[in-house]
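Here the structure is laid out as structure tokens; the discussion comes afterwards.
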Amino acid sequence: MSAQDDIELPETLSYHDWAAAVREGQLLGQSCNDCDHVGGVPSGACQECGGRDLTTVELPTTGTVYTETTINVPPEGFQERGYQVVVVDLGDARVMARIVGEHVDIGDDVSLSGFIDTDDDHPAPTFEPDD
Amino acid sequence: MTRASVVGAGMTKFGVHDTPMQELFGEAAFAAFDDAGVGPDEVEALYFGNAMGGQTENVTHLGPQVATHVGLAGKPVQRYEDACATSANAFKNAVEAVESGRHDVVLAGGVERCTPETGLDTDAMTRIFASASHRQYEQPTGLTFPAVFALLTKRHMHEHGTTEEQLAHVAVKNHGHGSLNPKAHFGKETTVEEALDGPVVADPFRLMDCCPFSDGASAVVVVSDDLADSFDAPVDVTGVGHATDVVPLADKDTPHVTQAARDAATTAYDQAAVTADEVDFAEVHDCFTGAEVLASEALGLVEDGQGGIAAAEGRTRRDGEMPINASGGLKAKGHPIGATGTAQIVELTKQLRGTAGDHQLSGVECGVAHNLGGDAATTVVSVMEGRA
């Protein structure tokens with residue numbers, strides 16, 4: 001599968017669907033058909049109302065930095081130091097991600113740039129600052 | 001309204017212990033028994049907290065092991081795991097057990113070992129602590145617990161102008177408090193300059209913004225309202241609120257308001273029929289300096305956005321209008337995960353009895369404990385008052 005447009009959105013969003021999408025440069029969330037709440041990661045029920053009638057939605061791949069920190073004391077399994085972890089506001093939902101490239105501040109515009117999977121093959125999305 | 005009473009309280013010194021967990025817990029439990037004047041025959045059940053023994057020491061099924069060590073073999077034991085709110089959750093269930101009439105006298109407490117005495121270095125323990133964040137949607141970024149609270153605090157700083165210097169004042173205050181508490185991990189005072197000069201762990205947090213890895217145990221004897229007067233020094237539990245919030249952090253509505261703390265506090269205050277204005281002092285979950293700022297606001301002890309300013313102005317110091325963490329808090333007293341929640345109850349009990357020793361506050365009648373787990377997605381708030 002090459003172009004992200006080719007990915008058919010799964011009816012029920014699982015972690016494996018979400019992770020596969022991250023590897024293809026796509027962020028998937030869920031929109032609740034009862035209350036319209038949008039969640040940024042797969043869940044069995046709406047985080048807001050508990051409804052199970054959820055539609056998988058493609059989230060924007062650009063957003064702004066909601067909050068950020070630079071980690072100098074990493075957990076075992078992460079070799080590097082001084083990496084930046086952010087929560088990105090994508091509009092309807094937020095997602096946690098790693099920053100690659102220049103340091104960003106709250107409010108900066110960022111775009112999805114790929115993923116890392118240094119943690120037992122679990123992908124984490126990466127973002128980079130817009131010019 | 002009185003939901004239950006604490007009639008005995010005990011804890012180990014928090015710090016570095018080369019002692020197996022059952023022996024650490026035994027020291028706290030026996031102190032609580034002796035303080036209450038009860039023996040194991042009178043204690044009907046154990047509500048026990050341990051968060052990470054399986055990961056840190058290859059010990060699971062610890063409930064009956066510690067029960068046996070303190071003479072409670074044969075009694076029902078329930079073991080709680082709720083990250084850093086582990087033993088507050090155990091305490092909540094102990095209160096409900098005596099309130100409902102299921103039991104009359106129970107023991108609640110917890111134990112944990114987090115220092116290198118476990119054989120685990122900082123990187124390994126940092127990974128184990130990070131297991132309280134989401135496995136799929138947070139841990140793969142390399143998130144750590146200092147970073148979790150850094151994310152919350154950075155947003156608070158952005159919205160309210162809280163400064164690193166104000167955070168340093170929280171550390172200075174709690175180290176000052178801890179220097180008066182012989183049970184505290186750290187007995188040394190520090191300065192704002194020293195705090196601001198430390199190495200960065202996860203910005204804005206430097207070393208002195210972070211609580212230590214600690215070993216320790218704590219325990220309290222909890223009895224029904226009806227039985228309380230037959231003990232020497234009962235202290236009443238008048239409210240316990242327990243709430244959760246969405247996980248992962250990114251999906252919380254407004255992460256830094258720590259909504260679970262606000263919900264738990266509302267419940268606890270309603271049960272106790274008190275307002276935040278009537279609270280005389282608080283023990284809050286200052287795993288990081290920023291966490292104390294967020295907690296002081298969530299509990300209504302300080303106005304929203306004013307938590308950092310209040311610390312810098314000394315309003316939350318032991319001689320201020322709203323003493324917070326007179327024990328030294330997690331920052332200086334230490335944070336053996338599964339022991340922290342009931343250690344706060346030990347502190348409230350001693351303060352309200354007037355037996356806290358060198359760190360006794362004057363004239364306190366109503367205290368609040370705030371113990372959170374994970375990214376504050378679990379919070380338990382307890383209100384305790386001297387028995388009328």
Side-chain angles (χ1 to χ4, degrees), chain A residues 14-16 18-19 22 27 29-30 37-43 46-48 63 65-90 93-99 103 105-107 115-127, chain B residues 55 120-159 198-207 209-210 244-256 288 290 375 377:
Chain A
S14 69
Y15 167 64
H16 292 291
W18 180 89
V22 168
L27 295 172
Q30 292 166 308
H37 177 78
V38 177
V41 295
S43 184
C46 173
Q47 297 159 349
E48 197 68 31
V65 176
Y66 178 78
T67 187
E68 54 80 25
T69 184
T70 299
I71 297 173
N72 288 331
V73 182
E76 191 174 51
F78 289 83
Q79 301 306 325
E80 77 273 48
R81 286 169 193 268
Y83 54 86
Q84 194 172 21
V85 171
V86 295
V87 174
V88 180
D89 192 335
L90 301 169
R94 299 192 202 105
V95 66
M96 186 176 286
R98 182 74 82 82
I99 289 294
H103 176 94
D105 291 315
I106 291 175
F115 64 95
I116 54 167
D117 60 356
T118 46
D119 181 12
D120 286 342
D121 217 27
H122 288 88
T126 60
F127 280 73
Chain B
Q55 294 158 279
L120 299 169
D121 62 14
T122 296
D123 288 0
M125 197 58 81
T126 297
R127 174 172 160 78
I128 290 172
F129 274 47
S131 70
S133 63
H134 202 292
R135 181 68 191 94
Q136 283 77 38
Y137 307 121
E138 296 181 325
Q139 291 179 39
T141 65
L143 191 70
T144 63
F145 256 85
V148 167
F149 283 88
L151 290 170
L152 303 182
T153 302
K154 272 285 189 78
R155 187 70 200 182
H156 189 274
M157 295 167 87
H158 175 77
E159 293 196 7
V200 176
V201 175
D203 79 306
F205 297 146
R206 294 171 185 273
L207 186 62
D209 289 291
C210 306
T244 63
D245 198 354
V246 172
V247 176
L249 187 159
D251 273 338
K252 287 178 172 60
D253 277 346
T254 312
H256 67 274
F288 304 96
D375 61 359

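Lettering of chains follows the sequences in order, A, B, ..., and the numbering in each one begins at 1.
- Residues B:Ala250 and A:Met96 come closest through the heavy atom pair CB-N, 3.9 Å.
- B:His156 is linked by a ring-ring contact (aromatic ring centres under 6.0 Å, His included) to B:His160, counting only residues two or more places apart in sequence or in another chain.
- With chain A as the partner, the residue from B:Asp123, B:Thr126, B:Thr141, B:Ile128 showing the most heavy-atom pairs under 4.5 Å is B:Thr141.
- For B:Pro248, the part lying near chain A is the side chain, with the backbone staying farther off; criterion is any non-hydrogen pair under 4.5 Å.
- In this structure, chain B has a heavy atom under 4.5 Å from the backbone of A:Val95, while its side chain stays farther away.
- Every ring-ring contact (aromatic ring centres under 6.0 Å, His included) that B:Tyr137 has, sequence neighbours left out, goes to A:Tyr15, A:Trp18, B:His134.
- A donor-acceptor pair is defined here as one N or O able to donate and one able to accept, closer than 3.5 Å; such a pair exists between the side chain of A:Thr69 and the backbone of B:Asp203.
- At a 4.5 Å heavy-atom cutoff, A:Gln84 makes no contact with chain B through either its backbone or its side chain.
- Heavy atoms only, all atoms of each residue included: B:Pro140 and A:Ile116 are closest at O-CD1, 3.6 Å.
- In plain terms, the two heavy atoms of A:Val85 and B:Leu151 that are nearest each other are O-CD2, 3.7 Å.
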request  = Dump the intermediate steps for side-chain contact (heavy atoms from CB on, under 4.5 Å) on B:Gln136 and A:His122, then the final yes or no.
outcome  = CA-CA 7 Å; B:Gln136 283 77 38; A:His122 288 88; 4.2 Å; yes
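- For B:Thr122, the part sitting under 4.5 Å from any heavy atom of chain A is the side chain, from C-beta outward, and nothing else.
- B:Arg155 contributes a side-chain N or O that, together with a main-chain N or O of A:Tyr66, makes up a donor-acceptor pair within less than 3.5 Å.
- Using a 4.5 Å cut-off between heavy atoms, A:Asp105 does not touch chain B at all.
- Not a single donor-acceptor pair under 3.5 Å links the side chain of A:Asn72 to the backbone N or O of B:Val201.
- Under the 4.5 Å side-chain criterion, counting only non-hydrogen atoms from C-beta, B:Arg127 is not in contact with A:Pro74.
- The environment of NE2 in A:His103 is crowded: more than 12 heavy-atom neighbours from other residues, nucleotides or ligands sit within 6.0 Å.
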inquiry  = For A:Glu48 and B:Asp253: C-alpha separation, side-chain torsions, deciding distance, then whether side-chain contact (heavy atoms from CB on, under 4.5 Å) applies.
reply    = CA-CA 10 Å; A:Glu48 197 68 31; B:Asp253 277 346; 4.1 Å; yes
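- The minimum heavy-atom distance between A:Thr67 and B:Lys154, with the atom names listed, is OG1-CB, 3.4 Å.
- For a residue to count as touching a neighbouring chain, one of its non-hydrogen atoms must lie under 4.5 Å from one of that chain's; by this rule A:Pro42 touches chain B with backbone and side chain alike.
- The residues B:Arg135 and A:Asp119 are annotated as salt-bridged, a charged nitrogen and a carboxylate oxygen being separated by less than 4.0 angstrom.
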